[in-house]
Amino acid sequence: MRGAIAAISRLEARAARLYPLPAPSRARSAMPTFSESILAALSKHTGANSGALKLESPRDPALGDVAFPCFVLAKERKQPPPALAAELAAKLAGEFDDIAVVATGPYLNFRVARPRLAREVLGAVEAAGARFGGSSEGAGKTVVIDYSSPNIAKPMHVGHIRSTILGASLVRIFRHLGYRVVGVNHIGDWGAQFGGLVVALRRWKSQVDLERDPVMGLLDLYQRSKEALKSDEQFQREAVAAYQELESGREGEVRELWRWVTEVSLRGFNATYKRLGIAHEHVRGESWYEPLLQATLERVKAAGVTEISEGALVVMLGEVDKGLKATPCLLQQSNGTTLYATRDLAALFSRWEEFAFERCLYVVGGEQKLHFRQLKAVLQRMNEAWAARVEHVDFGMLLGPGRVKIASRKRGEVLVLDDLIDECVEEAAKVIEEKNPGLSTKAQVAEQVGIGALVFNDLKRERIKDVIFDKREFLAFEGDTGPYLQYTHARLASILRKALASGDAALGAEPDFTALENAGEILLRIARLGDVTRAAAAKAEPSELSQYALSLAREVSTWLTQPENRVLGSEPRAGAARLALVRAAKATLGIALSLLGMAAPEEM
RNA sequence: GCGCCCGUAGCUCAGCUGGAUAGAGCAGCGGAUUUCUAAUCCGCUGGUCGGGGGUUCGAAUCCCUCCGGGCGCGCCA
């Protein structure tokens with residue numbers, strides 16, 4: 001994937017040399033953007049603070065580019081909104097030479113002359129390059145994102161897909177905004193079940209294939225150990241002993257086996273992550289926090305918020321969160337052992353001390369809402385001011401067609417993530433064979449498109465919504481899918497490639513932006529990438545960007561299809577303007593795809 | 001029982017944090033191909049925004065209530 005990106009940027013650089021866009025430098029520093037101009041003029045004539053004036057988009061693009069609803073102001077002035085709109089329209093008429101103002105009922109609609117709009121938007125894209133839509137709002141701030149977090153000794157299955165894909169996208173989004181991002185993989189490498197696994201390894205190692213695919217072999221052993229734990233008392237005793245030995249920290253056979261299991265599991269995970277373009281900054285197993293558990297308990301106790309209830313150590317939470325009055329947080333069982341919450345609390349303290357994060361996001365399914373709400377409430381009771389920085393980024397469940405549960409662990413059926421990815425890639429390869437058999441990079445593109453379909457399927461709706469996992473639907477590669485976005489990108493790339501190859505007359509020409517008269521929606525859409533990216537980060541909601549990318553791709557596709565917008569071989573100055581639009585749309589769509597964690601192929 | 005979430009076209013979802021006539025995709029029907037890539041585009045059909053109250057100049061959006069569905073609820077993770 002890295003290679004492809006390098007190739008794209010080489011092409012970009014070459015294209016930029018051949019047909020430079022209007023120099024944005026002076027325009028950006030000296031001239032306000034059209035929305036700034038509009039806000040300033042409104043502020044001047046209404047006396048209202050420009051921050052209090054809210055601009056929006058007209059319902060119908062034919063009405064204008066930017067709208068100002070006059071209701072609020074009209075009420076203050078005890079004036080009918082349409083009258084105020086008309087009055088303001090008259091006053092503002094003389095303010096601009098390239099922005100038209102009309103009053104439409106209670107609305108004031110502004111339309112920016114296409115040359116100005118184009119210069120401004122295309123110039124901003126050109127100036128920012130790959131950083132377009134980004135900012136430096138996160139400079140000096142750290143965001144910790146806990147995502148994916150699989151358990152060892154089992155392959156990643158469809159159940160891990162949502163956290164992995166959502167988290168990976170959030171990592172990219174925050175990074176684009178200048179944050180230092182620490183992607184954390186909190187590996188489940190601890191627990192009583194490893195006692196059973198160790199015994200299973202001792203007994204049946206030779207009966208399974210641990211050579212070719214160790215993780216699948218381990219899964220087999222893990223399932224057999226679960227059976228044996230139920231029926232075989234000798235096995236049970238050995239398993240308990242093995243887990244005790246593991247917990248003791250003693251070096252020996254048990255520790256060695258456990259370490260080996262961890263290693264091969266991580267190796268397997270990393271192969272999958274590599275295909276998805278994912279690399280965590282911080283990989284740490286639950287086991288790492290074991291030595292900190294006593295100190296964590298002491299710390300909570302010292303804060304004076306614990307009590308003993310039915311023999312267990314708990315923190316009552318009703319006083320900081322009424323909804324939790326019936327559900328205290330258990331930190332230590334009556335037999336002395338610690339719990340899930342204890343471990344997460346230990347990890348949280350450790351992360352705070354290590355990273356002093358601005359936000360700490362847990363990309364974990366909605367089933368665990370109570371757990372994270374309790375963790376935050378414990379912090380609140382301890383008067384930790386940073387409790388508010390901890391967020392549970394919850395998401396809906398993965399369901400099969402007909403809303404039935406899939407990947408039920410109880411029955412031991414696992415839909416292995418790698419197999420699923422393979423299936424998507426194979427399907428993509430078939431479509432390529434059918435649509436574009438001459439493509440020289442078939443295998444690479446099939447990988448990009450297949451994975452793109454899978455990733456986008458998970459990101460296109462709000463994360464809280466359940467995902468109906470219907471292969472027939474997202475392997476169709478039609479409509480609102482990842483491949484649709486990639487295809488649009490490839491078509492734009494194709495135009496640029498052909499312009500370069502043929503030495504089109506538009507390449508050296510001075511752009512005539514009046515040729516972009518009917519491209520206003522696209523330009524306005526491009527201009528919004530920054531707002532959308534910020535919203536996606538603020539809400540921890542990648543679907544903001546998915547929906548944005550779909551809108552942009554739809555508008556671009558429509559525009560490209562109209563014969564009058566033909567780029568190549570048209571009148572050179574008009575062609576130059578259209579070529580500039582194509583370049584900016586491609587760059588913008590490419591950035592959006594990359595923020596979602598998808599490849600943007602040049603051809604497909 | 002308690003806590004939280006969801007309910008918009010036949011299906012899957014948008015709806016710019018309260019604004020103008022509620023929009024896409026899929027499915028169905030009908031069109032566009034000597035293609036700057038038809039993995040596309042255009043048109044048609046399809047709506048009591050779960051029901052009922054309320055707040056507001058204005059509600060799919062905010063509040064209350066009921067209905068339907070889901071998730072969770074101390075010694076698992």
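Chain letters run A, B, ... following the sequence lines, proteins first and then strands; every chain starts at 1.
Put simply, the side chain of D344(A) and the base of A77(B) share no donor and acceptor less than 3.5 Å apart.
Atom name C1', nucleotides U55(B) and U65(B): the rounded distance is 15 Å, in whole Å. With both ends at atom C1', the span from C11(B) to G46(B) equals 12 Å, rounded to whole Å. Taking atom C1' on both nucleotides, C76(B) is separated from C66(B) by 37 Å, rounded to a whole Å.
Evaluation of the ring-ring contact (aromatic ring centres under 6.0 Å, His included) rule for F34(A) yields no partner, not counting sequence neighbours. Qualifying ring-ring contact (aromatic ring centres under 6.0 Å, His included) partners for Y222(A), counting only residues two or more places apart in sequence or in other chains: none. Legend: residues meeting ring-ring contact (aromatic ring centres under 6.0 Å, His included) with Y362(A), ordered by chain and number and at least two apart, are F372(A).
Proximity of Y487(A) to the phosphate of A39(B): a side-chain N or O atom is located under 4.0 Å from OP1 or OP2. Side-chain nitrogen and oxygen atoms of Y484(A) include none within less than 4.0 Å of the OP1 or OP2 phosphate oxygen of A24(B). At A39(B), one or more side-chain N or O atoms of K435(A) fall inside 4.0 Å of OP1 or OP2 (strictly under the cut-off). Taking 4.0 angstrom as the limit, K75(A) places a side-chain polar atom (N or O) nearer than this to OP1 or OP2 of C57(B). For the pair K498(A) and U37(B), the criterion of a side-chain N or O lying under 4.0 Å from OP1 or OP2 is met. Considering only side-chain N and O atoms, R59(A) lies nowhere under 4.0 angstrom from the phosphate OP1 or OP2 of U21(B). Between U37(B) and R491(A), no contact under 4.0 Å exists linking OP1 or OP2 to a side-chain N or O.
Taking atom CG of D470(A) as the reference point, atom C1' of A27(B) lies 12 Å away to the nearest angstrom. Look at CZ on R343(A): it is 11 Å from P on C76(B), rounded to the nearest Å. What separates CG of D480(A) from P of C26(B) is a distance of 7 Å, to the nearest Å. Atom pair L399(A):CG and C71(B):C1' shows a separation of 11 Å (rounding to whole Å applied).
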Listing, residues 453-460 of chain A side-chain donor-acceptor contacts under 3.5 Å, not counting sequence neighbours, or none:
residue	atom	partner	partner atom	Å
N457(A)	OD1	R461(A)	NH2	3.2
D458(A)	OD1	R162(A)	NE	2.6
K460(A)	NZ	D480(A)	O	3.1

Taking only distance into account, with no hydrogens and no angle test, what donor-acceptor pairs under 3.5 Å do side-chain atoms of residues 526-540 of chain A form with protein atoms, sequence neighbours excluded?
residue	atom	partner	partner atom	Å
D531(A)	OD1	R534(A)	NH2	2.8
T533(A)	OG1	L529(A)	O	2.8
K539(A)	NZ	E544(A)	OE2	2.7

Indicate every side-chain donor-acceptor pair of residues 321-329 of chain A with a distance under 3.5 Å to a residue at least two apart or in another chain.
residue	atom	partner	partner atom	Å
D321(A)	OD1	G323(A)	N	3.1
D321(A)	OD1	R373(A)	NH2	2.9
D321(A)	OD2	R373(A)	NE	2.8

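Residues from residues 534-556 of chain A placing a heavy atom under 4.0 Å of any atom in RNA chain B, listed by number, are K539(A), Q547(A), R554(A). At a non-hydrogen distance threshold of 4.0 Å, P328(A), L330(A), Q333(A), S334(A) from residues 328-337 of chain A come into contact with RNA chain B. Contacts between residues 456-467 of chain A and RNA chain B, counted as heavy-atom distances below 4.0 Å, involve R461(A), E462(A), I464(A), K465(A), D466(A).
In RNA chain B, consecutive stretches of 3 or more Watson-Crick or G-U wobble pairs with both distances under 3.5 Å are given as paired ranges: B:1-7 with B:67-73, B:10-13 with B:23-26, B:28-32 with B:40-44, B:50-54 with B:62-66.
Nucleic acid contact for A326(A): none, since no nucleic acid atom lies under 4.0 Å from a heavy atom of the residue. At the heavy-atom level, A476(A) lies nowhere under 4.0 Å from the strands shown.
Remark: the backbone N or O of R525(A) is paired with a side-chain donor or acceptor of Y548(A) at under 3.5 angstrom.
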Just the atom pairs and distances: protein N or O near nucleotides 31-34 of chain B's N or O, under 3.5 Å.
none

N/O contacts under 3.5 Å, protein versus nucleotides 62-66 of chain B?
none

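Salt-bridge check for E433(A) with K430(A): failed, with every basic side-chain N at 4.0 Å or more from each acidic carboxylate O.
Contact check for I432(A) versus M604(A): no side-chain heavy atoms found under the 4.5 Å cut-off.
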